[in-house]
Amino acid sequence: MNGLSITTREKLKTVSTPTIASCLYKRGFKNQSIQDVRPLKAGKPTMVGEAFTLRYIPAREDRNPMSIFRNADHPQRVAIETCPPGSVLVIDSRKDARAASAGDILVTRLMMRGAAGIVTDGGFRDSASIANLDFPSYHNRPSAATNLTLHEALDINIPIGCGDVAVFPGDVLVGDEDGVMVIPAHIVDEVADECIEMTRFENFVLEKVAEGRTIIGLYPPTHEQTLVDYEEWKKNQ
């Protein structure tokens with residue numbers, strides 16, 4: 001597997017997560033939308049990147065004193081320092097936002113290292129600061145408590161669950177204001193191509209609906225004339 005190509009990455013930046021969801025559904029993938037996560041701040045560019053994962057387990061008091069952060073091999077810190085440029089750090093926080101998955105210092109470091117974004121099914125502390133970074137970030141809600149309160153960082157870059165979705169290292173995440181989709185790595189190129197065409201057709205449909213046209217026979221294009229009109233429309237774009 002060659003990984004996410006520049007061409008496919010750029011294509012995915014131009015399509016929406018609803019379009020990706022529909023495309024994946026047609027292919028039999030019904031559970032690829034990470035549940036109960038949202039962008040910390042609207043209006044940022046679409047997030048696209050390969051998954052680099054971090055798994056938390058429930059914290060146990062004897063294993064998670066504050067001094068644990070002094071360890072150079074602490075998995076949370078190692079994940080921040082090894083997440084490849086262009087990748088998205090995806091954190092399995094067991095859908096528990098009572099303690100933070102990370103804070104603004106770690107997220108800023110991740111941004112400076114060239115990552116494409118960060119997603120957790122838990123929460124972030126320093127959320128207002130993270131929201132103002134030029135960096136796509138998704139969580140469930142703000143959380144002031146340190147992760148050590150409830151989470152122990154244990155594994156890096158293994159298959160995880162995030163918001164009820166299986167995420168494998170190398171899967172491609174796309175995030176916008178409607179949420180975050182997980183595209184299995186082995187179909188990402190064909191999904192990107194199909195979504196480009198779906199987006200083009202939907203733009204045509206929106207234009208016709210705005211002109212007053214009925215959706216019957218237009219969307220989906222069950223009338224032959226719709227496809228004729230679409231081909232003509234494409235010639236003029």
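The first residue of the sequence shown is numbered 1, and numbering continues consecutively from there. Just so it is clear, the values below take in all heavy atoms, side chains as well, and ignore hydrogens, waters and symmetry mates.
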Check your understanding: So, are Glu81 and Arg109 salt-bridged, with charged N and O less than 4.0 Å apart?
Key ->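 A salt bridge links Glu81 with Arg109.
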
Is the shortest heavy-atom distance from the side chain of [X] to the side chain of [Y] under 4.5 Å?
X	Y	result
Arg27	Gln32	no
Arg63	Leu154	yes
Ser33	Met181	yes
Val48	Leu4	yes
Leu12	Val188	yes
His139	Ser101	no
Glu152	Ile68	no

With distance as the sole criterion, is a donor-acceptor pair present between the side chains of [X] and [Y] under 3.5 Å?
X	Y	answer
Tyr56	Gln76	yes
Asp189	Thr8	yes
Thr17	Asp178	no

Please check if atom [atom1] in [X] has more than 12 non-hydrogen atoms from other residues, nucleotides or ligands closer than 6.0 Å.
X	atom1	answer
Tyr230	OH	yes
Lys95	NZ	no
Ile105	CD1	no
Asn71	CG	yes
Tyr25	OH	no

Reported [atom1]-to-[atom2] distance for the pair [X] and [Y], which is rounded to 0.5 angstrom:
X	Y	atom1	atom2	value
Cys162	Arg55	SG	CZ	13.5 Å
Thr19	Glu202	OG1	CD	4.5 Å
Met66	Thr146	CE	OG1	5.0 Å
Ile183	Cys195	CD1	SG	6.5 Å

**Study point:** Contact summary for Pro39 and Tyr138, nearest pair of heavy atoms
**Key:**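 Shortest heavy-atom contact: N-CD2, 3.4 Å.
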
Check your understanding: Which heavy atom in Phe201 sits nearest to a heavy atom in Leu218, and how many Å separate them?
Key -> CZ-O, 3.5 Å

Review point. Per the side-chain contact (heavy atoms from CB on, under 4.5 Å) rule, which among Leu89, Thr53, Leu54 passes with Ile156?
Key: Leu54

Review point. Out of Glu232, Glu231, Gln237, which residue meets the side chain to side chain donor-acceptor pair (under 3.5 Å) rule with Lys234?
Key: Glu231

